[in-house]
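These notes are about the structure you will find just below.
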Amino acid sequence: MESANSRAIDLGLCVRFVCEGEAYAPPPPSPMQDRRRALDRVFTPAFGLLPDIAEGLDGRPPAQAPLPPASLLPAHDPEGFELWWERALMFLRDPVRVWVDPQGVRHIRVVGATVYSIDAAGTVQAWCWEIPFIGKCLLVPMRDVSVAPNPFGWQWLSLWGAGLRLEVQHRAARRGHDLPEDLVERYVDWMLDRFRGRIRSGCDLRQLRLKVARAMELDPVALDAARRTNFVQRRSHVAADEYNRAVEQRAALEQLRRDAPGLVGLFLLVCGKEGFPADGEPVQRLKRYLQGRGMSPRGWRLIQGASTRLLQPLAELRNDLASEVVAYLKMIDALGWRAEPDRGFMRCLLATLEIELVPSGSIVTPFDFTPRTMRRVVDWFETADDDGQAEILQCLGLVVRWLDAEGIDQCEGLARHPGWRDTLRWAQAWERKSEAIQRVTQDGKGLRSWPTPADVVVKDLEVRFIASAGELYEEGRVMRHCAFDYLQGCQEQAALIGSIRRRKTGRREATVMLAHDGERWAVRQVKKFANRLASQDAVDAAGAAAEALLGWGVPRASSADDEGWICE
């Protein structure tokens with residue numbers, strides 16, 4: 001019975017189950033429900049209190065409210081506009097109200113829009129009103145809560161909008177008008193824009209923020225540590241989840257500020273990760289965590305001596321990999337930097353890379369296949385003068401793309417590694433070849449292509465058969481294998497190359513090569529990214545594609561290798 005009622009509550013149903021002949025006895029409220037109800041009683045939203053919030057004020061002379069565009073005139077209420085503006089000014093002049101509950105938790109209402117609850121330990125929770133339910137205080141996710149600056153941007157002004165929409169509808173109904181919801185929403189947006197203009201020209205927002213900051217009494221050590229992670233998290237504010245973690249680790253952060261200030265931001269970013277040591281001296285805890293994940297002693301010494309700006313290039317990472325701090329540090333370790341990495345070099349590198357996150361939680365980059373060459377590039381950069389470093393930075397993207405495409409085969413196997421000039425010359429030759437390939441794939445009528453069968457769909461995968469040199473080259477470049485070597489076989493219809501992708505996202509899962517054995521098309525090889533073994537789903541999709549090709553056509557010649565498609 002209890003589980004059925006819990007399920008009904010989760011679904012938001014107004015139904016409760018009882019045994020036959022018994023009355024329903026509601027369970028006691030949870031501590032969180034008690035707190036919400038207390039906040040509902042003590043505080044009220046700035047706007048949205050009905051039905052008679054403006055009673056006794058309607059007899060005042062009409063105010064000089066600005067006129068909205070003609071499309072919004074049916075919703076315009078000049079008296080209401082000035083009444084709402086006066087109420088807004090009241091909250092701007094006195095933006096903070098503090099209440100301490102019997103449990104010692106401080107609750108701070110900010111600009112009539114949000115309530116911050118700060119417990120005895122110093123951690124923060126935030127609440128705001130959901131006006132459609134007549135002002136219920138609802139808990140806000142911590143990642144969406146700003147503790148500094150506060151109030152953050154114009155969020156507090158936007159939170160007034162829900163209550164204003166309710167009041168505009170209510171006042172219009174009292175005048176006998178029924179306004180469409182979209183008209184009310186556009187009118188309130190216009191009104192808030194006018195409020196914003198008046199606030200900017202006539203209010204001191206700096207003083208408002210200072211009043212809020214003094215009332216919240218945030219811990220300066222935790223706040224400073226949380227700010228150091230902002231650029232990595234791509235936030236222009238300090239979020240409550242980061243601040244709360246800093247409060248929990250305050251003793252360790254205080255010690256780090258004395259012993260190793262450059263490690264404060266890094267420590268806060270990784271201290272919540274799985275496997276991070278729970279006790280011990282903070283520098284040693286960080287050292288054990290990184291070395292347990294493959295960091296070399298030399299790499300640790302480099303990180304320990306670096307400045308707080310070590311992680312700044314992480315902001316350039318795409319695909320939401322900025323949280324992979326350890327993988328980035330291992331990348332620095334693999335590059336063999338002798339001193340703190342040059343931030344311009346690392347930013348250029350990260351902007352060029354095609355980065356993939358693998359199930360183990362690490363990232364796959366060209367460093368996994370070209371450690372020797374990239375170490376040499378870093379060595380050349382560290383020993384070059386200003387002009388030499390500028391040249392390397394200018395050409396670094398080209399060199400990385402060349403290494404990614406085919407430079408591994410040229411460089412990594414040589415007994416004597418070439419110098420910078422030879423490396424750059426090979427990369428430039430590859431670029432000219434790539435441009436020539438792109439030109440070859442087009443003629444006056446468009447792409448030169450060869451016939452291919454229809455795409456094959458297998459569950460959530462599809463096999464897209466490649467029909468042009470440009471597509472074949474792109475498949476090999478993105479998947480990091482030499483599928484383009486089979487251009488002639490595809491043109492002669494002796495081979496078929498298919499890109500196996502996810503139907504919903506289009507993400508490439510693997511590449512299949514099929515060849516004709518005289519009777520039927522057969523799968524010769526299925527390869528994943530960087531020539532890794534493909535998943536069973538991809539192999540099954542390749543087999544289904546071969547079955548679907550029965551009777552599709554017979555090749556004119558057979559120049560494809562019977563041993564299949566070998567990617568090195």
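What you see is a predicted model, and the numbers here were worked out from it, not measured in a lab.
- Rounding to the nearest 0.5 angstrom, the gap separating the CZ atom in Arg194 from the CG atom in Asp189 is 11.0 Å.
- For the residue pair Gly397 and Cys348, the shortest heavy atom distance occurs at N-SG, 4.3 Å.
- Arg198 contributes atom CZ, which lies 8.5 Å from atom CG of Leu89 (distance to the nearest 0.5 angstrom).
- Pro151 has its side chain within reach of Arg209: a pair of non-hydrogen atoms, C-beta onward, lies under 4.5 Å apart.
- The shortest distance between side-chain heavy atoms of Ile199 and Trp85 falls below 4.5 Å.
- For an aromatic pair to be called close, the ring centres must be under 6.0 Å apart, and Tyr289 with Phe267 fails this.
- Evaluation of the ring-ring contact (aromatic ring centres under 6.0 Å, His included) rule for Trp156 yields Trp154, Trp160 as partners, not counting sequence neighbours.
- Shown here is Asp204, whose CG atom has more than 12 heavy atoms of other residues, nucleotides or ligands within 6.0 Å.
- Within a 6.0 Å sphere centred on CZ of Arg175, heavy atoms belonging to other residues, nucleotides or ligands number more than 12.
- Across every non-hydrogen atom of Arg106 and Met216, the tightest pair is NH1-O, 3.5 Å.
- How far CZ of Arg464 is from CD1 of Ile500: 12.0 Å, rounded to the nearest 0.5 Å.
- Relative orientation of the Phe43 and Trp99 rings is perpendicular, given thresholds of 30° and 60° on the angle between their planes.
- Note on ring orientation: taking the six-membered ring where Trp is involved, the planes of Tyr187 and His76 are perpendicular (angle over 60°, cut-offs 30° and 60°).
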Inset, instruction - Go through the steps for Asn150 and Ser146 under the test side-chain hydrogen bond (donor to acceptor under 3.5 Å, both in side chains), then give the verdict. - result: CA-CA 7 Å; Asn150 204 319; Ser146 168; 5.2 Å; no
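- Put simply, CZ on Phe81 and CG on Leu164 are 10.0 Å apart, with the number rounded to the nearest 0.5 Å.
- Glu248 and Asn244 form no side-chain donor-acceptor contact under 3.5 Å, judged by distance and modelled atom types alone.
- Here the side chain of Glu167 pairs a donor or acceptor atom with the backbone of Gly48 at under 3.5 angstrom.
- Contact record, Leu253 with Ala246: CD1-O, 3.5 Å, taken as the closest heavy-atom pair.
- Between Ala544 and Val458, the shortest heavy-atom contact is CB-CG2, 3.5 Å.
- With rounding to the nearest 0.5 angstrom, the CG atom of Asp460 is 4.5 Å from the CZ atom of Arg502.
- Minimum heavy-atom separation, Arg285 to Ala252: NH1-CB, 4.0 Å.
- The two residues Leu179 and Val168 come nearest to each other via the heavy atoms CD1-CG1, 4.2 Å.
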Inset, instruction - Go through the steps for Ser307 and Glu340 under the test side-chain hydrogen bond (donor to acceptor under 3.5 Å, both in side chains), then give the verdict. - result: CA-CA 8 Å; Ser307 70; Glu340 182 175 339; 2.9 Å; yes
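- By the 4.0 Å N-to-carboxylate-O rule, Arg245 lies too far from Asp241 to be salt-bridged with it.
- The CG atom of Leu138 lies 11.0 Å from the CG atom of Leu39; values are rounded to the nearest 0.5 Å.
- Between Glu475 and Arg508 there is a side-chain heavy-atom pair separated by less than 4.5 Å.
- Sorted by first and then second residue, the salt bridge (charged side-chain N to carboxylate O under 4.0 Å, His left out) pairs with a member in residues 253-268 read Arg250-Glu254; sequence neighbours excluded.
- Within a 6.0 Å sphere centred on CZ of Arg309, other residues, nucleotides and ligands contribute 12 heavy atoms or fewer.
- No more than 12 heavy atoms of other residues, nucleotides or ligands sit less than 6.0 Å from atom CZ of Arg143.
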